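Here is the structure we will look at.
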Amino acid sequence: MSDAAQPTAAEVRAAAEAVKTALDRHLAAVERRSGEDDPAVYEAFNELAAAAEEYDELLYDRHDEVTPFEIPAAEDALPPYRGPEEANALSVLIRRDYAVTEPQRLLAQAQRVSDLDAGGPGGGGPADTVHGALGVLFGEFEPDEIASRHKEFGLEEGDSTLWVTASDSAAEPGEWLSAPFDQADPHRVICRFDVSAVFDDELDDDALDGSDADLDVDPDADLDVDPDVDLDVDPDVDLDPDVAVPLDEVDELDERDEAGDSDGPGGPGDAAGPGDGRRPRRAGL
């Protein structure tokens with residue numbers, strides 16, 4: 001960014017003052033809140049977030065510095081709640097996306113259901129097409145069962161979301177069936193739950209970023225080893241790394257080794273003779 005386009009020191013100072021003002025307003029709104037979902041608190045929060053983001057940008061443009069604040073993206077936050085304070089009724093809105101990855105498996109499963117309903121193989125029918133097969137399966141199984149068994153039906157899961165919205169009163173029977181999703185008001189959402197592969201990618205990225213955080217190893221460090229310590233492990237001794245060996249047994253093993261050396265390979269002093277079926281284990285495994 002050129003010097004001419006950079007914000008002035010006065011603009012940065014004004015943005016900092018705006019953050020202070022927004023902080024005071026947010027604290028005042030929190031202190032006067034009328035409930036958990038007070039719209040005044042949401043509004044003050046959004047004003048504070050906008051002021052902090054503006055200050056962060058100007059500070060970076062002017063001084064090449066940043067703040068420690070992390071401003072949530074607009075799509076990550078619910079809009080201010082404007083529904084009833086006490087919900088007398090609620091609606092649960094669910095969307096689940098799938099891709100048809102194995103049409104033949106889908107058709108076969110639908111045909112099996114059709115045959116069972118008909119009491120035997122019925123030949124042609126609604127399961128002969130993908131549209132017909134979807135109708136058969138979703139008519140036979142609950143949505144949750146489809147979700148848990150989607151691979152069996154030749155489907156691949158996409159994104160899904162669940163909204164719980166508040167209503168002033170319960171709808172009359174058949175009132176919204178002609179347009180079931182037209183009245184989905186984000187400002188009446190009490191809570192929502194989203195599932196997406198993009199969240200898994202973010203977790204994987206975070207794990208990769210922190211994978212080396214706990215590895216504080218100096219590659220130039222010298223490993224001090226006592227030259228008088230014998231690091232050789234007898235391959236004929238079965239060592240269990242999880243079991244402590246008493247010192248007297250260690251001495252006994254040393255004596256047996258010495259006796260084995262005097263008797264020669266395969267002699268009575270060997271800890272494990274050839275063909276006894278034992279396999280040596282490395283200490284530490």
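What you see is a predicted model, and the numbers here were worked out from it, not measured in a lab.
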Quick one: does NZ or CZ of Arg149 land under 6.0 Å from the six-membered ring centre of Phe141, within 45 degrees of the ring axis? yes
Test side chain to side chain contact (heavy atoms under 4.5 Å, CB included) on Val164 and Cys191; report intermediate values, then the result. CA-CA 6 Å; Val164 179; Cys191 56; 3.8 Å; yes
As a quick check of understanding, evaluate side chain to side chain contact (heavy atoms under 4.5 Å, CB included) for Gln104 and Leu107, giving each step before the final call. CA-CA 5 Å; Gln104 294 305 316; Leu107 293 169; 4.1 Å; yes
So do Val30 and Arg33 actually touch side chain to side chain, heavy atoms under 4.5 Å? yes
Which heavy atom of Ala40 sits nearest a heavy atom of Ala29, and at what distance? O-CB, 3.9 Å
Looking only at atom types and distance, does a side-chain atom of Glu57 sit under 3.5 Å from a main-chain N or O of Glu54, one as donor and one as acceptor? no
Within one Ile-Leu-Val-Met-Phe-Trp-Tyr cluster: Leu93 and Ile190, side-chain cutoff 4.5 Å: no
Do Glu140 and Val113 have side chains that approach each other closer than 4.5 Å (heavy atoms only, starting at C-beta)? yes
Hey, is Arg188 close enough to Asp168 for a salt bridge, meaning N to O under 4.0 Å? yes
Value for CG (Leu137) from NE2 (His150), rounded to nearest 0.5 Å, stands at 14.0 Å
Give the cluster check for Leu90 versus Trp176: same hydrophobic cluster or not, with ILVMFWY residues linked at side-chain heavy-atom distances below 4.5 Å. no
Closest non-hydrogen atom pair between Pro84 and Ala87, with its separation: CG-CA, 4.2 Å
Among the clusters formed by ILVMFWY side chains lying less than 4.5 Å apart, do Ile94 and Val195 turn up in the same one? no
Salt bridge between Arg96 and Asp144, side-chain N to carboxylate O under 4.0 Å? yes
How long is the straight-line distance from CZ of Arg25 back to CG of Leu48, given to the nearest 0.5 Å? 11.0 Å
Please report the interatomic distance CD(Glu53) to OG1(Thr67), rounded to the nearest 0.5 Å. 10.0 Å
Any donor-acceptor pair under 3.5 Å from Arg62 side chain to Pro7 backbone: yes
Would a hydrophobic clustering, with Ile, Leu, Val, Met, Phe, Trp and Tyr connected at side-chain separations under 4.5 Å, put Ile146 with Leu106? yes
Report the distance from atom CD of Glu102 to atom CZ of Phe153, rounding to the nearest 0.5 Å. 12.5 Å
Taking atom CG of Leu59 and atom CZ of Arg13, what is their separation to the nearest 0.5 Å? 10.5 Å
In Å and rounded to the nearest 0.5 Å, what is the CD to CD distance from Glu145 to Glu152? 8.5 Å
Starting from Phe193, can I reach Val92 by hopping between I/L/V/M/F/W/Y residues whose side chains sit under 4.5 Å apart? yes
Check: Thr165 and Asp185 side chains under 4.5 Å, non-hydrogen atoms: no
If we ignore angles and hydrogens, is there a donor and acceptor under 3.5 Å between the side chains of Trp163 and Thr161? yes
His63 side chain to Tyr60 backbone, donor-acceptor under 3.5 Å: no
Tell me if a side-chain donor or acceptor on Tyr98 pairs with a main-chain N or O of Thr101 at a distance below 3.5 Å. no
Using modelled atom types and a 3.5 Å cut-off, is there a donor and acceptor pairing between side-chain atoms of Gln111 and backbone atoms of Ala108? no
Side chain to side chain contact (heavy atoms under 4.5 Å, CB included) between Tyr55 and Val12, worked out: CA-CA 7 Å; Tyr55 171 64; Val12 178; 4.1 Å; yes
Considering all heavy atoms, the nearest Glu175-Glu172 contact: OE1-N, 2.7 Å
Taking Ser167 for the side chain and Ala170 for the main chain, is one N or O donor matched with an acceptor at less than 3.5 Å? no
Backbone N/O of Ala52 and side chain of Asp56: donor-acceptor pair under 3.5 Å: no
